[in-house]
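Everything below concerns the one structure shown next.
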Amino acid sequence: MYMRYFSRVFSAMAGPRPVVLSGPSGAGKSTLLKKLMKEYDSVFGFSVSHTTRNPRPGEENGRDYHYVTREVMQAGIDNGDFIENAEFSGNMYGTSKAAVQDVQAKNLICILDIDMQGVRNIKRTDLNPIYISIQPPSLEVLEKRLRDRKTESEESLQRRLHAAKVEMEFSKEPGAFDVIIVNDVLEDSYGQLRNALLEEINKVKKINMSS
Ligand SMILES: Nc1nc2c(ncn2[C@@H]2O[C@H](COP(=O)(O)OP(=O)(O)O)[C@@H](O)[C@H]2O)c(=O)[nH]1
Ligand SMILES: Nc1ncnc2c1ncn2[C@@H]1O[C@H](COP(=O)(O)OP(=O)(O)O)[C@@H](O)[C@H]1O
């Protein structure tokens with residue numbers, strides 16, 4: 001009885017659990033997380049990663065990513081500024097400690113969009129997130145979506161498809177993810193994502209109402 005009370009108080013003090021979204025490039029992670037942040041703008045905050053890749057049209061420095069050179073990124077890593085970092089498709093990506101702290105300081109649920117190397121590395125930290133895998137219905141559908149998105153060169157597209165096969169295999173490893181969502185019909189996948197997070201969403205709403 002008391003134990004339950006204290007663990008509830010403790011988890012409220014520790015703040016809401018972060019959420020990791022992972023899965024192949026083109027599976028729909030940013031589409032789903034943007035929908036979620038639009039519906040629950042006072043509940044979720046995005047962990048803005050650093051990357052050495054170029055911004056795409058419509059992307060904004062500081063909102064989608066912090067766009068940096070390899071030299072700046074490496075200096076930050078050497079300085080211990082990053083929770084995790086990885087090389088993906090010829091570019092560096094990483095989650096800075098500040099990116100997560102900025103969101104947690106606002107008492108929001110921190111969402112991380114990271115690849116499988118990031119998932120592996122975050123599991124070695126004490127972040128304790130909910131791990132959600134977003135998967136495409138098939139490799140063929142994934143390729144079509146990536147081509148239709150028109151953001152990648154042929155070379156970049158091929159690298160992403162190669163990485164996607166490995167990401168799809170990884171998601172099948174027992175215990176890799178808490179929830180796996182196959183993003184076929186967007187509204188259905190979004191409903192599944194919202195359901196998976198409803199408990200945490202309600203916790204944050206309750207905390208924010210009482211403060
Ligand atoms: N490990 C790690 N992966 C990241 C990070 N930020 C983004 N990624 C992953 O890098 C991959 C490429 O991202 P991006 O270039 O935005 O392409 P997109 O996924 O096709 O939109 C995706 O799998 C992202 O989840 C990060 O901070 N750390
Ligand atoms: N359920 C879906 N049905 C059809 N197209 C989708 C669906 N989900 C996402 N897309 C489209 O597929 C492309 C890849 O989605 P995106 O969110 O950019 O993937 P990721 O962030 O995982 O790389 C985008 O052009 C997006 O509009």
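Counting starts at 1 for both ligands and their atoms, following the listed order. Since we're looking at a predicted model, the values are computed, not measured.
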So between Lys150, Gln135, Glu152, Arg145, whose heavy atom ends up nearest atom 13 (C) of ligand 2?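 Looking at heavy atoms only, the winner is Arg145.
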From the options Thr151, Val182, Asn183, select the one whose nearest heavy atom is closest to atom 8 (N) of ligand 2.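 The residue whose heavy atom sits nearest atom 8 (N) of ligand 2 is Asn183.
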If you have a sec, work out which protein heavy atom is nearest [atom] and how many Å separate them, to one decimal?
atom                    : answer
atom 26 (C) of ligand 2 : Thr31 OG1, 3.6 Å
atom 21 (O) of ligand 2 : Ser30 OG, 2.4 Å
atom 18 (O) of ligand 2 : Arg149 NH1, 2.8 Å

Is there any N or O on Gly28 that sits under 3.5 Å from an N or O of ligand 2?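 By distance alone, the answer is yes.
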So, regarding Asp113 and ligand 2 (criterion: nitrogen or oxygen to nitrogen or oxygen, under 3.5 Å), is there a contact or not?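 Such a contact does not occur with ligand 2.
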Check ligand 2 against [X] and write out every atom of the ligand that is under 4.0 Å from a heavy-atom position of the residue.
X      : result
Asp184 : 1 (N), 2 (C), 3 (N)
Ser25  : 23 (O)
Lys29  : 17 (O), 19 (O), 20 (P), 21 (O), 22 (O), 23 (O)

Gly26 near ligand 2, heavy-atom distance under 4.0 Å?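 Distance cut 4.0 Å: Gly26 passes for ligand 2.
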Please confirm whether Asp148 comes under 4.0 Å of ligand 2, counting heavy atoms of the residue only.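 Asp148 does not count as a contact of ligand 2 under the 4.0 Å cut-off.
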Any carboxylate oxygen within less than 4.0 angstrom of a Lys/Arg side-chain nitrogen, looking at [X] and [Y]?
X      : Y      : result
Glu87  : Arg70  : yes
Lys165 : Glu169 : no
Glu39  : Arg194 : yes
Glu167 : Arg160 : no
Glu59  : Arg53  : yes
Glu140 : Lys144 : no

List by chain and number: which residues place a heavy atom under 4.0 Å from ligand 1?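 The answer is Ser25, Lys29, Ser49, Arg53, Arg56, Tyr65, Glu84, Ala86, Phe88, Tyr93, Gly94, Thr95, Asp113, Ile114, Asp115, Gly118, Arg149, Arg160, counting any residue whose heavy atom sits under 4.0 Å from ligand 1.
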Part of Pro24 with heavy atoms under 4.0 Å of ligand 2, whether side chain, backbone, both or neither: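 Near ligand 2, Pro24 shows its backbone, while the atoms from C-beta on stay back.
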Please check this pair: side chain of Asn61 against backbone of Tyr67, looking for a donor-acceptor N/O pair closer than 3.5 Å.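 Checked: pair present.
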Just by distance, do the side chain of Lys29 and the backbone of Ile114 share a donor-acceptor pair under 3.5 Å?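 Checking the backbone N and O of Ile114 against the side chain of Lys29, no donor-acceptor pair under 3.5 Å is found.
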Looking only at the side chains, is there a donor atom on one of Thr51 and Asn91 sitting less than 3.5 Å from an acceptor on the other?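 Side-chain D/A pair, Thr51 to Asn91: absent.
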Within a 6.0 Å radius of atom CD on Glu154, are there more than 12 heavy atoms belonging to other residues, nucleotides or ligands?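 It does: Glu154 CD has more than 12 such atoms within range.
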By salt bridge (charged side-chain N to carboxylate O under 4.0 Å, His left out), which residues pair with Glu200, not counting sequence neighbours?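 By the salt bridge (charged side-chain N to carboxylate O under 4.0 Å, His left out) rule, Glu200 matches Lys203.
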Below 30° counts as parallel, above 60° as perpendicular, anything between as tilted: where do the rings of His66 and His50 land?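 Tilted.
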